[in-house]
Engineer: 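Below is one structure. I have some questions about it.
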Amino acid sequence: MKKLVVITGASSGFGLALAKRFANAGYPLLLLARRLDKMTALELPNTLCRQVDVTDKPAFATAVAEAESVYGPTDLLINNAGVMLLGSIENQDPLEWQKMLDVNVMGVLNGMQIVMNSMKQRQTGTIINVSSIAGKQPFATHAAYCASKYGVTGLTAVARAELSASNVRVLSICPGAVSTELLGHTSDPAIIEGYQQWKQSVGAIHITADDIAQTIQFSYELPQAVSLREIIITDTKQDA
């Protein structure tokens, strides 16, 4: 039997695509998100769905322990949960900054800490953190989002160094613009419209969430000795 895969933010976007793809490949799954109905509606086999906010570390850990009691140790954790709240530094609500840092950074740290000691002991395992091209280069109205995703890129590199001697892979995936629900969290309609116009102007219109999921699955299913440390993946026509 294949080993347990844990996916956060599994109710939409990349997470939903990942859940479908890994289920179709026969992996037992733990799906975590705040919207339970979206996950249970998938009716995937060998799957536990739990309503968990990744910033709630005890709830996160409890869900992982429950899944591991059924399916065995976590072999792959995909830290996918994230929020994107765009705005200018001069007038964005600081509560939006805090939410992005809590979910996008603390949520990833929580997930890694929950699974990493077991992986070290077993001398195997993979952690894949979903960062962003905004974790590699700046974009207007993305200040706090960039800060959070640069944070993910950095903490992934540190974790990789800490875990490499134990044969544990830590990878970061940095997608460009992809059509998901992520933009819907932004509260400023003008920024949403501007982002959509920018996406059209740079040609980022064909790449899908499943393309990202396929790339993640490929990087995981390579031999354990092969680590695709960082993958930047964009629509071929995206020029920024």
Side-chain angles (χ1 to χ4, degrees), residues 1-10 14-15 18-19 22 27-33 47-50 52-83 100-132 135 147-175 212-213 215-231:
M1 185 175 179
K2 293 187 176 181
K3 297 177 181 178
L4 175 63
V5 174
V6 177
I7 304 170
T8 71
F14 300 155
L18 284 161
F22 276 91
Y27 291 91
L29 302 175
L30 170 62
L31 304 182
L32 304 176
T47 297
L48 289 181
C49 302
R50 294 295 179 262
V52 169
D53 185 328
V54 294
T55 65
D56 183 347
K57 187 167 180 282
F60 196 163
T62 296
V64 171
E66 180 185 4
E68 291 184 338
S69 72
V70 178
Y71 300 119
T74 301
D75 194 61
L76 170 62
L77 168 65
I78 305 174
N79 279 312
N80 167 72
V83 292
M100 280 185 281
L101 292 170
D102 286 345
V103 175
N104 297 359
V105 179
M106 293 302 298
V108 171
L109 286 166
N110 286 340
M112 291 200 301
Q113 191 174 72
I114 288 165
V115 303
M116 65 189 298
N117 286 330
S118 173
M119 289 181 174
K120 285 178 68 176
Q121 291 167 7
R122 291 181 285 113
Q123 294 283 296
T124 192
T126 302
I127 297 170
I128 298 180
N129 296 329
V130 179
S131 182
S132 169
S148 71
K149 291 302 188 178
Y150 269 80
V152 172
T153 301
L155 65 87
T156 302
V158 174
R160 181 185 305 120
E162 292 183 359
L163 294 174
S164 59
S166 299
N167 196 42
V168 176
R169 297 181 296 185
V170 187
L171 320 178
S172 63
I173 307 294
C174 302
I212 308 303
T215 303
I216 289 173
Q217 182 183 358
F218 171 78
S219 64
Y220 169 61
E221 290 182 339
L222 289 168
Q224 187 68 23
V226 180
S227 176
L228 298 182
R229 294 183 173 191
E230 185 174 272
I231 301 172

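Note: hydrogens, waters and symmetry copies are ignored here, and every other heavy atom, side chains too, is used.
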Engineer: Side chain of Ser69, backbone of Glu66: donor and acceptor closer than 3.5 Å?
Structural biologist: yes
Engineer: Could you check if a side-chain atom of Gln224 sits within less than 4.5 angstrom of a side-chain atom of Thr126, using non-hydrogen atoms only?
Structural biologist: yes
Engineer: Between the main-chain N or O of Thr47 and the side-chain N or O of Tyr71, is there a donor-acceptor pair closer than 3.5 Å?
Structural biologist: yes
Engineer: Less than 4.5 Å apart, side chain to side chain, heavy atoms only: is that true for Phe14 and Ile78?
Structural biologist: no
Engineer: Donor-acceptor check, side chain of Glu68 to backbone of Thr74, threshold 3.5 angstrom: yes or no?
Structural biologist: yes
Engineer: Answer yes or no: is there a donor N or O on one side and an acceptor on the other, between the side chain of Arg169 and the main chain of Tyr220, under 3.5 Å?
Structural biologist: yes
Engineer: Would you say the side-chain atoms of Thr153 and Ser172 include a donor-acceptor pair closer than 3.5 Å?
Structural biologist: no
Engineer: Any chance you could measure Met119, atom CE, to Leu163, atom CG, to the nearest 0.5 Å?
Structural biologist: 9.0 Å
Engineer: Sub-3.5 Å donor-acceptor pair from the side chain of Lys149 to the main-chain atoms of Val130, do we have one?
Structural biologist: yes
Engineer: Let me confirm one number: the CD1-CG distance from Ile127 to Asn79, rounded to the nearest 0.5 Å.
Structural biologist: 7.0 Å
Engineer: When you compare the side chain of Ile173 with that of Asn80, does any pair of heavy atoms fall below 4.5 Å?
Structural biologist: no
Engineer: Once side chain to side chain contact (heavy atoms under 4.5 Å, CB included) is applied, do any residues pair with Ala67, and if so which ones, sequence neighbours excluded?
Structural biologist: Leu4, Leu30, Leu48
Engineer: Could you report the tightest heavy-atom contact between Leu31 and Ala10, atom names first, then the distance?
Structural biologist: CB-CB, 3.8 Å
Engineer: Quick one: list whatever passes side-chain hydrogen bond (donor to acceptor under 3.5 Å, both in side chains) with Asp102, sequence neighbours left out.
Structural biologist: Gln98
Engineer: With salt bridge (Lys or Arg N to Asp or Glu O under 4.0 Å) as the rule and sequence neighbours excluded, what pairs involving residues 103-128 come up?
Structural biologist: none
Engineer: Under 3.5 Å, side-chain donor or acceptor atoms of residues 106-114 against the rest of the protein: list the pairs with distances, not counting sequence neighbours.
Structural biologist:
from, atom 1, to, atom 2, distance (Å)
Asn110, ND2, Val54, O, 2.9
Asn110, ND2, Met106, O, 3.3
Gln113, OE1, Lys57, NZ, 3.1

Engineer: Tell me, which pairs form a side chain to side chain donor-acceptor pair (under 3.5 Å) where one or both residues lie in residues 155-164, sequence neighbours left out?
Structural biologist: Asn129-Thr156
Engineer: Which pairs count as salt bridge (Lys or Arg N to Asp or Glu O under 4.0 Å) when at least one residue sits in residues 219-231, sequence neighbours excluded?
Structural biologist: Lys136-Glu230
